[in-house]
Amino acid sequence: MTFMPQSQNTVDPVKLEKLAEVAVKVGLQLQKGQDLVITSPVVALPLVRLITKHAYQAGAGLVTAFYSDEETTLARYQYGDDESFDRASGWLYEGMAKAYTNGAARLAIAGDNPMLLSEQDAGKVGRANRAMSTAYKPALEKISNFDINWNIVSYPNPSWAKVVFPNDPEPIAIAKLAKAIFAASRVDLSDPIAAWAEHNANLAKRSAWLNGERFASLHFKGPGTDLTVGLADGHEWHGGASTAKNGITCNPNIPTEEVFTTPHALRVEGHVSSTKPLSHQGTLIDNIQVRFEGGRIVEAKASRGEEVLNKVLDTDEGARQLGEVALVPHSSPISASGILFYNTLFDENASCHIALGQCYSKCFLDGAKLSQEQIKAQGGNSSLIHIDWMIGSDKVDIDGIKPDGARVPVMRQGEWA
């Protein structure tokens, strides 16, 4: 029997081919002889095959794919021994970290059902997430420190499509989600690679302006939000394409509409409310409200998924502090689509956001030359997790605050001022 993913007949094969090409040539800029590690839901096999083809056409050394499957994930929660939820496949992540140390690129295909674990025991979900985060740290550090060129793209998984478009029959939901993914990834244009070059140039201009201002902090004000985010000493703004420590310029996220930098882990004060739900490891966390004191979250609530949220915050010492702050105009194409994707890769590019946990060493002046101790001394956060959640809307204003206290409008009603 031939395995035939349900979505195959409802996803435009020409645009899927373009997405694979963009992932390799823009997302990774894969180099001749470079190995590639792919992680993907098994349902995204058609995209994996196309990416593998384009990778080898680009001169890849060895392409290796690892697959996840929703039914086998659920089987663990339904039948697994209780003790198993404190374990993770550390040997696998150690192998990935070794591959990255040896120069391999990393590509992740996103598209899991955001509600997959919504009916499962929150305690087990939290324990499994913690175990996975701990095991994954050697590989995550190679990614978050930009040691390597890496990229994330998405595939319209049928179960994800039905969450986004619950009132449509599955084939129509898949087709709608595929169309939205292709538009956000710029592969519905005649020359996606040229379009990405132009888009990267525009994001670079925004980053250059912010870097020139040298703000000490950002002040977010809106419904349920009055938050001051101190910026790390020697922080640097980035957006779009980034050059990894291996010298390769890549676009880590496709799509991307953000410019981002590193907050100071000890200089965040006030309260903030989420403006979109957060889908985390198969659990939906909605209406998040947190309060910061001295950089740490001291109070956290959510109307849905609160127990999982608090377990995430207890992952380690750095989980209650920020590792990223990102600015996205409310009029971004993803926001303008009006679609709530229940997927951070997309929803974070519809809204300004912050991230709990690990910072990016890339977001420091001469970050590639800084030790972990220097990064910490300048305010960079360290954690097993890095979880983005959305705090921007057309009702949120942002001021940049200079070291002398002078305020400069950065965004008004969600748009660049």
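Only this structure's heavy atoms are used, side chains among them; waters, hydrogens and symmetry mates stay out.
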Return the minimal non-hydrogen interatomic distance between [X] and [Y], and the atom names on each side.
X    : Y    : result
E258 : N349 : N-OD1, 3.6 Å
Q289 : S273 : CG-OG, 3.7 Å
P138 : T134 : CD-O, 4.1 Å
A58  : V24  : CB-CG1, 4.1 Å

> Between R76 and D81, does a salt bridge (charged side-chain N to carboxylate O under 4.0 Å, His left out) hold up when you go through it step by step?
Replying inline: CA-CA 8 Å; R76 178 187 188 188; D81 286 340; over 6 Å; no
Please answer whether the main-chain N or O of [Y] pairs with a side-chain N or O of [X] as donor and acceptor at a distance below 3.5 Å.
X    : Y    : value
N151 : N251 : yes
T225 : V272 : no
E415 : S331 : yes
S371 : Q374 : yes
N343 : L345 : yes
Y56  : V63  : yes
W150 : I143 : yes
W160 : F341 : yes

> How far apart are the C-alpha atoms of T249 and T243, what are their side-chain angles, what is the distance that settles it, and do they pass the side chain to side chain donor-acceptor pair (under 3.5 Å) test?
Replying inline: CA-CA 4 Å; T249 300; T243 301; 2.8 Å; yes
Is a side-chain donor-acceptor pair under 3.5 Å present for [Y] with [X]?
X    : Y    : answer
E324 : H386 : yes
N149 : N246 : yes
Q378 : H235 : no
E70  : N157 : yes
T344 : D388 : no

Within a 6.0 Å radius of atom [atom1] on [X], are there more than 12 heavy atoms belonging to other residues, nucleotides or ligands?
X    : atom1 : result
K124 : NZ    : yes
Q78  : CD    : yes
Q57  : CD    : yes
K162 : NZ    : yes
R87  : CZ    : no

Please determine if [X] and [Y] form a salt bridge, counting it only when a charged side-chain N lies under 4.0 Å from a carboxylate O.
X    : Y    : value
R127 : D82  : yes
K276 : E348 : no
D188 : K15  : no

Side-chain heavy atoms of [X] within contact of [Y], under 4.5 Å:
X    : Y    : answer
I385 : Y136 : no
L74  : Q120 : yes
Q321 : V268 : no

>> Does D86 form a salt bridge (charged side-chain N to carboxylate O under 4.0 Å, His left out) with R130? I'd like the steps, not just the answer.
In response: CA-CA 8 Å; D86 296 311; R130 180 185 174 87; over 6 Å; no
> Hey, would you say the Y360 and H238 ring centroids sit under 6.0 Å apart?
Replying inline: no
Which distance, rounded to the nearest 0.5 Å, do you find between the [atom1] of [X] and the [atom2] of [Y]?
X    : Y    : atom1 : atom2 : value
I172 : N167 : CD1   : CG    : 11.5 Å
E306 : D286 : CD    : CG    : 12.0 Å
S185 : F346 : OG    : CZ    : 5.0 Å
N381 : E317 : CG    : CD    : 9.0 Å
D347 : M390 : CG    : CE    : 5.0 Å
N129 : K311 : CG    : NZ    : 11.0 Å

>> Using side chain to side chain donor-acceptor pair (under 3.5 Å), reason through S383 and D316 one step at a time and then give a plain yes or no.
In response: CA-CA 7 Å; S383 175; D316 59 17; 2.9 Å; yes
> Does NZ or CZ of R206 come closer than 6.0 Å to the centre of the six-membered ring of W237, within 45° of the ring's axis?
Replying inline: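 No, a cation-pi geometry is absent between R206 and W237.
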> So K53 and E17, salt bridge (charged side-chain N to carboxylate O under 4.0 Å, His left out) or not? Walk me through it.
Replying inline: CA-CA 10 Å; K53 180 186 80 171; E17 178 99 35; 2.7 Å; yes
> For E198 and K205, what are the C-alpha separation, side-chain angles and deciding distance, and is it a salt bridge (charged side-chain N to carboxylate O under 4.0 Å, His left out)?
Replying inline: CA-CA 11 Å; E198 180 182 357; K205 288 178 185 175; over 6 Å; no
>> Under the criterion side chain to side chain donor-acceptor pair (under 3.5 Å), I'd like the reasoning laid out for N102 against D35: C-alpha separation, chi angles, the key distance, then a yes or no.
In response: CA-CA 9 Å; N102 292 338; D35 289 351; over 6 Å; no
> W416 and V410: side chain to side chain contact (heavy atoms under 4.5 Å, CB included), yes or no, with the steps?
Replying inline: CA-CA 6 Å; W416 290 105; V410 174; 3.8 Å; yes
